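Predicted, not measured: the structure shown is a model, and the values here were computed from it. Sequence positions, counted from 1, serve as the residue numbers for this chain.
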Amino acid sequence: MSTIILGVSGSVSVYKACDLASQLTQAGHSVHTVMTQRAAALVSPQLFEAVTSEAPYVDEFSESRRGAMDHIELARQAELFLVAPMTGDLAAKLALGIADDLLTTVSLAVAAGTPRLACPAMNPTMLAHPAVQRNLATLVEDGWEVMEPGTGHMACGEEGAGRLPEPAEILARAGELLG
Ligand SMILES: Cc1cc2nc3c(=O)[nH]c(=O)nc-3n(C[C@H](O)[C@H](O)[C@H](O)COP(=O)(O)O)c2cc1C
């Protein structure tokens, strides 16, 4: 099947990304997970290792490093670059081309033409913020597909848009993008 680089950032919905990683693996894909440090603080990378059979990469200088050029090696393998969940912070960095950790650096190194699917997840007020909307629009201009966040009850207690889409929906869209 296909090689997917799964970028995971520090949203409360990171627990759903474990299920997503599991479903992608069960569908036969090879999943390389790259977590931000904030994501790894919210959920143990061991959980992703358990469901993908590969320890996640966390940053360029941690013990998770495989080689000096992890960012290039990972980017070269990507048949799909999928970021789920994408925080408001990560959307801003990617929209600006900031590359100050492994995940953001891989993003710059992924070849043009590789499908990129972003799944933002955040509180409804954060999602509606002009800066966030501007950054998501920039990502679309840059060739990303941005999945519409789900609507409903949020972990913060609010109702509205900003939920990470269900893993099955993301899996289906990933499959379509991979053809
Ligand atoms: C428990 C918890 C849940 C959070 N959930 C979200 C979220 O759903 N979306 C978001 O954009 N930020 C969320 N944040 C804030 C981000 O973790 C914060 O902006 C962080 O700097 C993101 O770093 P990263 O993009 O490198 O992962 C949350 C923070 C905490 C402590």
Side-chain angles (χ1 to χ4, degrees), residues 1-11 13-14 16-18 20-21 23-25 27-40 45 48-49 51-62 64-122 132 134-149 164-165 167 169-179:
M1 292 292 272
S2 302
T3 300
I4 298 174
I5 307 303
L6 175 62
V8 178
S9 56
S11 158
S13 63
V14 67
K16 284 161 102 178
C18 291
L20 173 62
Q23 291 193 30
L24 290 167
T25 305
H29 300 297
S30 175
V31 179
H32 302 299
T33 311
V34 183
M35 304 176 78
T36 64
Q37 288 190 318
R38 289 298 310 153
F48 285 89
E49 181 175 0
V51 298
T52 66
S53 302
E54 186 191 88
Y57 297 75
V58 178
D59 70 53
E60 287 171 294
F61 306 107
S62 75
S64 71
R65 192 160 66 99
R66 316 290 199 274
M69 292 292 161
D70 279 350
H71 57 291
I72 304 294
E73 290 301 325
L74 281 163
R76 278 189 188 141
Q77 293 175 50
E79 292 174 87
L80 172 67
F81 185 41
L82 166 60
V83 179
M86 179 182 277
T87 58
D89 171 67
L90 184 59
K93 285 181 176 176
L94 297 187
L96 282 171
I98 289 174
D100 66 351
D101 66 4
L102 184 60
L103 179 52
T104 51
T105 309
V106 168
S107 178
L108 286 189
V110 168
T114 305
R116 296 154 205 252
L117 180 60
C119 304
M122 66 200 77
V132 172
R134 190 166 59 237
N135 292 329
L136 295 177
T138 298
L139 291 179
V140 171
E141 278 174 28
D142 288 352
W144 286 79
E145 177 172 321
V146 176
M147 270 188 95
E148 193 70 31
L164 185 70
E169 290 172 52
I170 301 173
L171 175 72
R173 188 62 195 132
E176 288 165 2
L177 287 172
L178 287 163

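- In this structure, the side chain of S13 does not engage the main chain of K16 through any donor-acceptor pair within 3.5 Å.
- With rounding to the nearest 0.5 angstrom, the CG atom of L177 is 11.5 Å from the OG1 atom of T114.
- Between C119 and L82, the closest heavy-atom pair is SG-CD1, 4.1 Å.
- Judged by distance alone, the side chains of N135 and T138 never bring a donor and an acceptor atom under 3.5 Å apart.
- When all heavy atoms are compared, the tightest approach of T105 to H71 is CG2-CD2, 3.6 Å.
- For the atom pair K93 NZ and T104 OG1, the distance stands at 5.5 Å (nearest 0.5 Å).
- Of the possible donor and acceptor atoms, none in the side chain of R38 sits under 3.5 Å from a partner among the backbone N and O of T87.
- Nearest heavy-atom pair, A84 versus L20, reported as atom, atom and distance to 0.1 Å: CB-CD2, 3.8 Å.
- In plain terms, the two heavy atoms of P115 and L80 that are nearest each other are O-CD1, 3.5 Å.
- M1 places none of its side-chain heavy atoms less than 4.5 Å from the side chain of S30.
- Looking at residues two or more places apart in sequence or on another chain, you find a side chain to side chain donor-acceptor pair (under 3.5 Å) between R173 and E145, E176.
- Considering only residues two or more places apart in sequence or on other chains, S107 meets the side chain to side chain donor-acceptor pair (under 3.5 Å) condition with none of them.
- Note: W144 and F81 have tilted aromatic rings, judged against thresholds of 30 and 60 degrees for the angle between ring planes.
- Judged purely by atom type and a 3.5 angstrom limit, S9 uses its side chain to pair as donor or acceptor with the backbone of P85.
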